[in-house]
S.K.: 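Can you read through this structure? Questions will come right after.
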Amino acid sequence: MIKVLYQILFFTAVINSLLFSQQALQQQYEYAEKLYSKGNYFDAVTELKRLVFFDSARQYYYKAYMLMGSSYKNGTLLNDAVSCFSTAERFSRSDDEKYKASVELVRVNILRRSTEQALKIINRLESSGLFKDRQDSLNYWKGWAYIFAGSFDKASDEFHKIPGQFELDSLCRATDNAQYSERLAKILSVFLPGAGQFYTGNYINGIISLAWNIFSGYLTINSFAEDRVFDGIVTANLLWLRFYIGGIQNSEEFAHNNNITIINRTLLYLQNEFTGLKP
Amino acid sequence: MRYFVFYFLLLVTVFPAGLPAQDMHSPENIEKFADYLFCLKDYLRAAYEYENCLTSVNNDTVKFKLALSYRYIGEYKKASEAFLSVYPAFNSLPEYYNTLLIQGDYSTLQSTYTAASAEQQSIFPVKQLYLYSFLFSGTNLPGIYEYENAFNKNDTIISFYKIKSDPPYRSPAIAAVMSAIIPGSGKIYTGQYGDGITAFLVSGVLAYLSWANFDAHHNFRGWLFSGLTAMFYGGNIYGSAASAQLFNAGVKISLDNQLKAYLDGENNFMPEYDFCR
């Protein structure tokens, strides 16, 4: 009878020990979660690191590293976030967990503009064949990766593949269409000084560029016509060539700056007014 | 014995919270966790945990690791205080001097050393750090024999000493005068060969254009090129003096970088700690 009582007590003690250990880890995770929800990311990371350190069975590794990654992400420590999500991916115990960690990894890579890395992870997920039912979601993040890389045409193509995703598709298409061709601006100025500036909408600059070219061209040609060859060479080099080349570079710069303004307007819209899922 | 086992099992069954392995916030576990963070190089969190740990235990090793953590996160004042707080029980005096050197507080380092006892001065590598600080500060450089003795005639240290005691500076006044006599020569003197040749050619061409236009009675153009020549000539004199100053700043920065790189390579003459092995 006493022997049975000992056995019961022993097993109860072991079970209690395991349960309490589990409970302590769960409580620690909940505490970290609470800190995270309050926006106290630094302390959340500390408590999650403590959880990881004491979780010898690695039961909470996935959850802890996911939350740690999110904390780092919210604290804009994107490189640390990548490291955490990668670890979470390694300790995932199901396809669903693996997918969630990978998508977080993609999102952080998009934010830190590691487009190639983001696309590489998406391609890896696609080629694994495990997530065929989540192709729309993968296309969605591929589209965002292209947005952050400034390739709005490719982004539009990706969003176009997703049924019902008209807003981002049309926004990217419109941004792409609104952009100026830097090469065309340059070529126009090569053939007609000031034309590149006209193309980018900088009319006064275009007129001034054309006027300087006509003036310096006249001085150069006049010098040669009056047999002042040395004067002609110097004027051509120091004046005409300077305005001619400067005008070409200027038109390219205008196109580039205009494109930045257009892209920034789109990004600002996505940041402040777009209500869908963002990286 | 039987009763003891019985009561122990009963206790554990009824009060599982008494199980020691679960208490993540016990002083021992806080220290273990702090060590883990320290080895992860997460010194900010490690310092916080060591501070926590020291509220319930008094341990010199923990204090020393706390001091190291402070220094790694740039809290030099706290680090210095913490290093001094464990001396002489813990041989932390070299780390105190090392902190002052890393902090760039050379005057405190030098005055502390001067005021220290002969015994403290003889602790390795206190003297080495003291002498090395003069290579950064450059003021009242001790004699070369001090360096030869302390660093066993180390060639690198001796070469640093020679550069510091007689830096290969260029005089801004000489550079300016040289450019006034031959445009561009001041730039060449400061090692800016391309700039020097360009300045010489541009000044020469502009001066020739000025002369040629006056000669052909194109007075307006003559004055125009004269003005440009004067601007280039004056600008080149000023530029040569500025170039000499930049050269001198470059010499100082380059030496400081070499001194830091050497110090890093030698681990600041400090021993390697085995806290993370």
S.K.: What do you reckon, is CD of A:Glu116 surrounded by more than 12 foreign heavy atoms closer than 6.0 Å?
M.R.: no
S.K.: Can you tell me which portion of A:Phe42 sits under 4.5 Å from chain B's heavy atoms? Options are side chain, backbone, both or neither.
M.R.: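 Contact with chain B is through both the backbone and side chain of A:Phe42.
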S.K.: Does atom NZ of B:Lys63 have more than 12 heavy-atom neighbours, drawn from other residues, nucleotides or ligands, at distances under 6.0 Å?
M.R.: yes
S.K.: Tell me, side chain or backbone of A:Val234 under 4.5 Å from chain B's heavy atoms, or both, or neither?
M.R.: side chain
S.K.: May I have the step-by-step check of salt bridge (charged side-chain N to carboxylate O under 4.0 Å, His left out) for B:Glu28 and B:Lys32, ending in yes or no?
M.R.: CA-CA 6 Å; B:Glu28 305 86 70; B:Lys32 277 183 196 166; over 6 Å; no
S.K.: On the 0 to 90° scale, with breaks at 30° and 60°, tag the A:Trp212-A:Phe215 ring pair as parallel, tilted or perpendicular.
M.R.: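 It falls in the perpendicular class, over 60°.
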S.K.: Name the member of B:Ile30, B:Asn213, B:Leu209 that forms the most heavy-atom pairs with chain A at distances under 4.5 Å.
M.R.: B:Leu209
S.K.: Is A:Asp43 close to chain B through its backbone or its side chain, or both, or neither, when contacts mean heavy atoms under 4.5 Å?
M.R.: neither
